[in-house]
Amino acid sequence: MIELVDVVKADGRREPFVREKVTVSALKSGAPPEEARVIGEAVERIAYDGMPSGEIRHRVLEHLHERNPEWEKNWLIYDRAVKKRGAAAVGQPAR
């Protein structure tokens, strides 16, 4: 049986954890498909009900950095440009 896990967004909304969102984010960062799938699966394994979306973001950045720091950098650039998150919201790269 698959346990359903909800993520808590910054505004307090809850939505189901979707591994594919993590995988697509990793792909957009430059990770090849197999690496992106591995990252998605790794984050899914540690996800828990009520996990803050910021913690998921942090975990994704850790995995990207471990595999290729350039992917982490690409993700942060995308986050700033497309999602309009300021430097304060983005913070320093996960290390």
S.K.: Measure the NZ-OG distance between Lys73 and Ser29 for me, rounded to the nearest 0.5 Å.
M.R.: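 Between atom NZ of Lys73 and atom OG of Ser29 there are 13.0 Å.
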S.K.: Thinking salt bridges, do Asp11 and Lys9 make one under a 4.0 Å N-O criterion?
M.R.: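 Not counted as a salt bridge, because no side-chain N and carboxylate O are separated by less than 4.0 Å.
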S.K.: With sequence neighbours left out, write down each residue that passes side-chain contact (heavy atoms from CB on, under 4.5 Å) with Val38, or none if nothing qualifies.
M.R.: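 Glu34, Arg67.
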S.K.: The criterion is side-chain hydrogen bond (donor to acceptor under 3.5 Å, both in side chains); which residues satisfy it with Arg45, sequence neighbours excluded?
M.R.: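 side-chain hydrogen bond (donor to acceptor under 3.5 Å, both in side chains) check on Arg45 returns nothing, list empty.
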S.K.: Salt bridge check, Asp49 against Arg14: does any charged N sit closer than 4.0 Å to a carboxylate O?
M.R.: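 Salt bridge flag = yes for Asp49 with Arg14.
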S.K.: Nearest 0.5 Å, what's the NE2-CD distance between His63 and Glu35?
M.R.: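 That separation rounds to 11.5 Å.
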S.K.: For a 4.5 angstrom cut-off between non-hydrogen side-chain atoms, does Ile46 reach Arg59?
M.R.: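 Heavy-atom side-chain distance check passes, below 4.5 Å.
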S.K.: Would you name the heavy atoms of Ala36 and Ala31 that are closest together and state the gap between them?
M.R.: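 So the minimum-distance heavy-atom pair works out to N-CB, 4.2 Å.
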S.K.: Decide yes or no for Leu61 and Trp75: does some side-chain heavy atom of the first lie under 4.5 Å from some side-chain heavy atom of the second?
M.R.: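 Side chain of Leu61 against side chain of Trp75, heavy atoms only: contact under 4.5 Å found.
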S.K.: Mind checking what makes side-chain hydrogen bond (donor to acceptor under 3.5 Å, both in side chains) contact with Glu44, not counting sequence neighbours?
M.R.: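 Testing Glu44 for side-chain hydrogen bond (donor to acceptor under 3.5 Å, both in side chains), a comparison that skips the adjacent residues, returns Arg19.
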S.K.: What residues, two or more places apart in sequence or in another chain, satisfy side-chain contact (heavy atoms from CB on, under 4.5 Å) together with Pro33?
M.R.: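 Result, side-chain contact (heavy atoms from CB on, under 4.5 Å) vs Pro33: Leu27, Arg37.
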S.K.: Do the non-hydrogen side-chain atoms of Pro16 and Val7 ever get within less than 4.5 Å of each other?
M.R.: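 Side chain of Pro16 against side chain of Val7, heavy atoms only: no contact under 4.5 Å found.
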S.K.: Residues two or more places apart in sequence or in another chain: which of them pass side-chain hydrogen bond (donor to acceptor under 3.5 Å, both in side chains) with Glu41?
M.R.: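 Glu41 satisfies side-chain hydrogen bond (donor to acceptor under 3.5 Å, both in side chains) with no residue once adjacent residues are dropped.
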S.K.: Going through the distances and angles, do Lys21 and Glu15 end up as a salt bridge (Lys or Arg N to Asp or Glu O under 4.0 Å)?
M.R.: CA-CA 12 Å; Lys21 285 184 172 184; Glu15 65 179 46; 2.7 Å; yes
S.K.: Hey, which of Leu76, Leu64, Val60 is the one that makes side-chain contact (heavy atoms from CB on, under 4.5 Å) with Trp71?
M.R.: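 When side-chain contact (heavy atoms from CB on, under 4.5 Å) is applied between Trp71 and each of Leu76, Leu64, Val60, only Leu64 qualifies.
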S.K.: Does any part of the side chain of Phe17, heavy atoms only, come nearer than 4.5 Å to the side chain of Val22, both counted from C-beta?
M.R.: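 They are in contact (side-chain heavy atoms under 4.5 Å apart), so the answer is yes.
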S.K.: Once rounded to the nearest 0.5 Å, what's the spacing between atom OG of Ser53 and atom CZ of Arg13?
M.R.: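 Going from OG on Ser53 over to CZ on Arg13, the span is 9.0 Å.
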S.K.: Can you name the side-chain contact (heavy atoms from CB on, under 4.5 Å) partners of Glu20, sequence neighbours left out?
M.R.: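 Listed in chain order: Val18.
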S.K.: Are the side chains of Ile39 and Thr23 in contact, using a 4.5 Å heavy-atom criterion?
M.R.: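 No - every pair of side-chain heavy atoms lies 4.5 Å or more apart.
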